[in-house]
Amino acid sequence: NLGVFYVTALSISIVTQFFLPAEVPMIPRLVGKKLLLPANALFTGTMYGSIIMGFFLAGPALKFLGPTFTFFLIAAGFLGASICNSLLPGNAGREYVRNQMTQFLGLPYIQILRILFNDIGEMLFAIFRGRELLFAVLFLTIAQTVIIVLGVLLPGYATTILALDVEDSSLILLAPAALGMILGSILVARIGHKFLKGRLVLAGVILTGVILSVLPLFSRLKNAPLDLLYTVGVLCFLLGVFNVMIIIPSNIIIQERSIASIRGRIYGLFNALSALSSIVPVAMAG
């Protein structure tokens, strides 16, 4: 039933909004300023690498395990994540939420809306006040959108341009991208401190744009004497490396340039912008 899939996807998207804005802002609470670079590299390599690995494993899992068992595996992953999450510090948050709920329940709706818009205004003022913070949010949104759009476009790219089966496309295209993101995170963690964060981001944006511009050209080179699969695989690997050059420094800039009380709101805005900016390309992918 297609309607059930839509409702399920919408429900998952709504629920994830409760923990996505809390993930990266937790990093400065767990490590000191000197460890922000390796901590963000570790987070980026595992999170974005696992997203692409999810795309990579989706085809084989559906092919060999079937949809029912695949969904059980996903549910088990969420259960494992909730167990890990329970080990993190921050029990005081429960008392804070309880106090907030008690406070809001006694207020008229118009006053609740006023508080909400004041919170949003405070966040937007902080972002637009500093150019570095604004560009970090925008570039982080671009990098996230690229990942989402590639996950949608690459299977079609593989079947129409590379003449591959859609189940095999994840192995040829997404596995190198995941490996690139993981190794790129390690590389940035080791040598990223030698470069200005803004320059790393700018280099990542330019090089990602170059790779994305080159990939469609292979439709004109079908009969050229070169091995397309190896070439495209290398390009996807580089795309993963260059993308983390955007993500890791941008996260550090946001963590350093924003105060703790609004950091979660900034990442909430980032998630909303990522979803909005990917709607049009994802909808047009077919």
For the backbone of F270 and the side chain of S274, can you confirm whether one donor and one acceptor N or O come within less than 3.5 Å of each other? yes
How far does CE of M123 sit from CZ of F128, to the nearest 0.5 angstrom? 9.0 Å
Could you check whether K197 pairs with E132 (Lys NZ or Arg NE/NH1/NH2 to Asp/Glu carboxylate O, under 4.0 Å)? no
Distance check, rounded to the nearest 0.5 Å: M47 atom CE versus I247 atom CD1? 7.0 Å
Kindly determine whether T208 and I246 satisfy side-chain contact (heavy atoms from CB on, under 4.5 Å), including the steps that lead there. CA-CA 9 Å; T208 297; I246 306 171; 3.9 Å; yes
If we count only N and O atoms by modelled type, under 3.5 Å, do the side chains of T141 and S277 hold a donor and an acceptor together? no
Side-chain touch V24/N40, heavy atoms, less than 4.5 angstrom: yes
Tell me the closest heavy-atom pair linking V244 and P249, and the distance in Å. O-CD, 3.7 Å
Is the closest side-chain heavy-atom distance between P28 and L36 below 4.5 Å? yes
Main-chain N/O of I120 paired with R265 side-chain donor or acceptor, under 3.5 Å: no
Quick check for you: to the nearest 0.5 Å, what is the distance between T46 atom OG1 and M181 atom CE? 10.5 Å
Supply the atom-to-atom distance Y267 OH to E23 CD, rounded to the nearest 0.5 angstrom. 10.5 Å
If you compare all heavy atoms of V31 against all heavy atoms of A39, which two are closest, and at what distance to 0.1 Å? CG2-CB, 3.9 Å
In terms of hydrophobic clustering (I, L, V, M, F, W, Y; side-chain heavy atoms under 4.5 Å; direct or indirect links), are I27 and L133 co-clustered? yes
Specify whether F135 and F139 have parallel, tilted or perpendicular ring planes, treating 30° as the upper limit for parallel and 60° as the lower limit for perpendicular. parallel
Is F242 reachable from V234 through a run of I, L, V, M, F, W or Y residues, each pair having side-chain heavy atoms under 4.5 Å apart? yes
Is it possible for you to say whether I74 and F5 belong to one hydrophobic cluster, with membership spreading through side-chain heavy-atom contacts below 4.5 Å? yes
Path from L62 to F71 over hydrophobic side-chain contacts below 4.5 Å: no
Closest non-hydrogen contact found for I254 with L140 is CD1-CD2, 3.9 Å
For G45 and I182, work out which heavy atoms get closest and say how close. O-CG1, 3.7 Å
For A143 versus N243, what's the shortest heavy-atom pair and its separation? O-ND2, 3.4 Å
Starting from I186, can I reach V188 by hopping between I/L/V/M/F/W/Y residues whose side chains sit under 4.5 Å apart? yes
Please report the closest heavy-atom contact between G209 and S213, naming both atoms and the distance. O-OG, 2.8 Å
Side chain to side chain contact (heavy atoms under 4.5 Å, CB included) with L212: of L235, L207, L239, only one passes, and it is L239
Taking the side chain as every heavy atom from C-beta outward, state whether L42 and S185 have any atom pair closer than 4.5 Å. no
Has T44 got a side-chain atom pairing as donor or acceptor with A41's backbone, closer than 3.5 angstrom? no
Under 3.5 Å, is there a donor-acceptor pair between the side chain of N85 and the main chain of A81? no
State the OG1-CD1 distance between T16 and I12, to the nearest 0.5 angstrom. 8.5 Å
side-chain contact (heavy atoms from CB on, under 4.5 Å) assessment of L187 paired with L183: CA-CA 6 Å; L187 185 66; L183 293 182; over 6 Å; no
Could you go through the side-chain contact (heavy atoms from CB on, under 4.5 Å) check for L88 and L30 one step at a time? CA-CA 9 Å; L88 291 171; L30 298 173; 4.1 Å; yes
Look up atom CG in L37 and atom CD1 in I252, then write down how far apart they are to the nearest 0.5 Å. 4.5 Å
For F237 and I211, what are the C-alpha separation, side-chain angles and deciding distance, and is it a side-chain contact (heavy atoms from CB on, under 4.5 Å)? CA-CA 10 Å; F237 172 82; I211 297 292; over 6 Å; no
